[in-house]
Structure formats: C-alpha cells, structure tokens
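Have a look at the structure below before the remarks.
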Protein chains: 2
Amino acid sequence: MRKSRQREAVRSALLAAGRPLTPQEVHAEAERAVEGLGIATVYRHLNALEEGGEVVRLDGFGKGGRYEAAHTGHHHHFHCRDCDRVYDVERCPGQGRIESLAPKGFVVEAHEVTLYGTCAECGSS
Amino acid sequence: MRKSRQREAVRSALLAAGRPLTPQEVHAEAERAVEGLGIATVYRHLNALEEGGEVVRLDGFGKGGRYEAAHTGHHHHFHCRDCDRVYDVERCPGQGRIESLAPKGFVVEAHEVTLYGTCAECGSS
DNA sequence: GCCCTAATGATAAGTGACTATCGTTTATCA
DNA sequence: TGATAAACGATAGTCACTTATCATTAGGGC
C-alpha cells in the first residue's frame, strides 16, 4: 500500500472533524488538501481505512453511511435535524442500565443511543 | 377511501406483529390473507396508513424503512443481528437521564435507544 | 532518471428501495 | 344491476448511494 496524498487527506478530514462524516463531507473537506480529488477515491479510502480498523462506519443516520475515526472510548451521537450533521456525545447513561432493558432471553452485545434535536450552531442562528 | 381486503391485511399484519416490520415482512404476512397481494400495494398502504397516523415509519435499521402500528407509549428497540428482526423494548432508561447527555447549547427533542444482540428465538437454537 | 504497477479521476454501471404508470378488477351507490 | 372511479397487480422507471472499469498519473525501489 503506497503512500498517497489522497489517503492522508481522507484520514485527516476524519480526524480533524471529530464527528462522523458522510462520504460527501469527507470529500468536501479532503478536497481542500487535494484539489480535484475524486469521489471514488474517497470511497476507496473509506473502505480501506475501515478494513484496516482506522475508521468506523455508522449506519442509521439517513440514507448513506457515515464514517468516523476509530475511537477507543464508548460514546453516542447527536443528530441535528436542521443541518443533518452528527456529533459525538461522550457520555453514556450506563451500560448496565441500558442493557437491562432487554426482554428475557435476549442477549445484548451493544447499544446505541441517539439524540435528535438542534445543534448549538443551528440553534443560535 | 374505499374498504379493501388489502388494506385490512396490511393493517392486521402490523398489529399482529407487535414489532416493526419491513415492507417485505408486511408483504409476506399480509399475503397469507390476500393471495397474490402486490408489493406496490403494500407500499401504497404503508404510506397511506402512515399519513393517517395509524402507522409509524422507522429508519436506522438497515437499508429500508420499518413500519409499526402507532403506539402511544414511549419505547425503544432491539435489533437482532442474526435474524435482522426488530423488537420493541417497553422500558426506557429515563428521558431526563438521556437528554442530559447532550453538549451545552444542543436542544434535544427526542431520543432513540437501540440494543443490538441476539433475540430469544435465535439464541435458543 | 527509469520502470513497474498501485493509485487516481472520470464516469459508466450496479444496487436496492421506492414510485409512477397502465390496463384490469372491484367496491360503492344510484 | 350497471356505471363510475378507486384500488389493484405487474412492472418499468427513478433516485441516491456505491462500485467497477479503464486510461492516465505518480510513488518508490533500482
């Protein structure tokens, strides 16, 4: 796997954002570093980085996927209904508290909490 | 809006299931009551029932939407990774507890908690 | 600098969910 | 019962996202 400005640009875009981005958002951001960056290249690197464990793909926020730099910490998300951006929420109501909600006989392996509303930026305008 | 066996079959499928169904699941179930039921008819009625407030559409469980009979109660969901079915979870960790997770300046209007794992049926096999 | 080939960008093609169209069926009401 | 138009089933079309193709560019060992 050769070094490439494009891959670095994709990786940096995700790290700098600190929140999950759509491929389009990644493209827009990474294009600032690599003029003429193709959308296919963005998809290629997102897939490669996900494969390599550097990036995590999220579903459930609208049509396409969102990608964020692999976090070690457990966290959740806030989905702004105005701008459609997704933000990280660092805290959690508590693993045990949430997993105990499951009906009997159901084994919980993970959970996701999503908040919906208006982000600070949209709310202040 | 005329009465039709097809609409009743779609409505009944959702009520009987007591959990969110994909249009395909609705179709499979409703077809037991109406032989030869078309998938387009299922989509038509799901949209109409949603419009009429009898049914709620959910996103975020894979590619397409899921539909469930309109509940009055606040509840969450369990998504089985084996069979891909979604079940209702009647309890909630607590509205206030969850909404307080949001960063400052963010206004929370709603939240969704999703549990992932193995359902009782898949786990027992 | 040269060569090899991985990586790239443009874009055609694929995918899956959903919708529009259209000729036929059927519920409703005079 | 017969007329009317809503509802139907089949299927072609649409839309967004994602992937495959291919000619060109460029990283890196020599």
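Of the side-chain N and O atoms in Tyr43(B), one or more sit less than 4.0 angstrom from OP1 or OP2 of dC18(C). Listed pair His45(B) / dC8(D) meets the phosphate criterion, a side-chain N or O lying under 4.0 Å from OP1 or OP2. In this structure, Ser4(A) does not reach the dA7(C) phosphate: none of its side-chain N or O atoms is under 4.0 Å from OP1 or OP2. A close approach under 4.0 Å does occur between a side-chain nitrogen or oxygen of Asn47(A) and OP1 or OP2 of dT19(D).
Regarding Arg7(A), its CZ atom lies at a distance of 15 Å from the C1' atom of dG28(D), rounded to whole Å. Separating the CZ atom of Arg11(A) from the P atom of dA7(C) is a distance of 13 Å, rounded to the nearest angstrom. Per the geometry, NZ belonging to Lys63(A) stands 11 Å off P belonging to dA17(C), to the nearest Å. Between Arg66(A) atom CZ and dC17(D) atom P there is a gap of 10 Å when expressed in whole angstrom units. Rounded to whole Å, the distance from CG on Asp59(A) to P on dT18(D) is 9 Å. Protein atom CE of Met1(B) is 7 Å distant from nucleotide atom P of dA7(D), rounded to whole Å. Rounded to an integer number of Å, the gap from CG of Leu37(B) to P of dT25(C) is 17 Å. Separating the CD atom of Glu31(B) from the P atom of dA10(D) is a distance of 9 Å, rounded to the nearest angstrom.
Distance from the side chain of Lys3(B) is smallest for dA27(C) among the nucleotides dA7(C), dA27(C), dT8(C). Residue Pro23(A) has its side chain nearest to dT18(D) when only dT18(D), dA7(D), dA16(D) are considered. The side chain of Arg2(B) sits closest to dT4(D) out of dT4(D), dT8(C), dA6(C). Taking only side-chain atoms of Gln6(A), from C-beta outward, the nucleotide of dG9(C), dC17(D), dC8(D) with the closest atom is dG9(C).
The residue Arg57(B) sits close only to the backbone: its heavy atoms come under 4.0 Å of sugar-phosphate atoms, none of a base.
Crowding of Arg32(B) atom CZ: a count of heavy atoms from other residues, nucleotides or ligands under 6.0 Å not exceeding 12.
Here Glu68(B) does not pair with Arg19(B) in a salt bridge; the nearest charged N to carboxylate O distance is not below 4.0 Å.
Under the 3.5 Å distance criterion, the side-chain polar atoms of Ser12(B) are left unmatched by any main-chain donor or acceptor of Ala9(B). In this structure, His27(B) contributes its side chain and Val42(B) its backbone to no donor-acceptor pair below 3.5 Å.
Judged by closest nucleotide on DNA chain C, Arg5(A) is the one of Gly64(B) and Arg5(A) placed further toward the 5' end.
Not a single donor-acceptor pair, N or O on each side, falls under 3.5 Å between the base of dT19(C) and the side chain of Arg44(B).
Aromatic rings of Tyr87(A) and His77(A) (six-membered ring for Trp) have centroids beyond the 6.0 Å cut-off, not under it.
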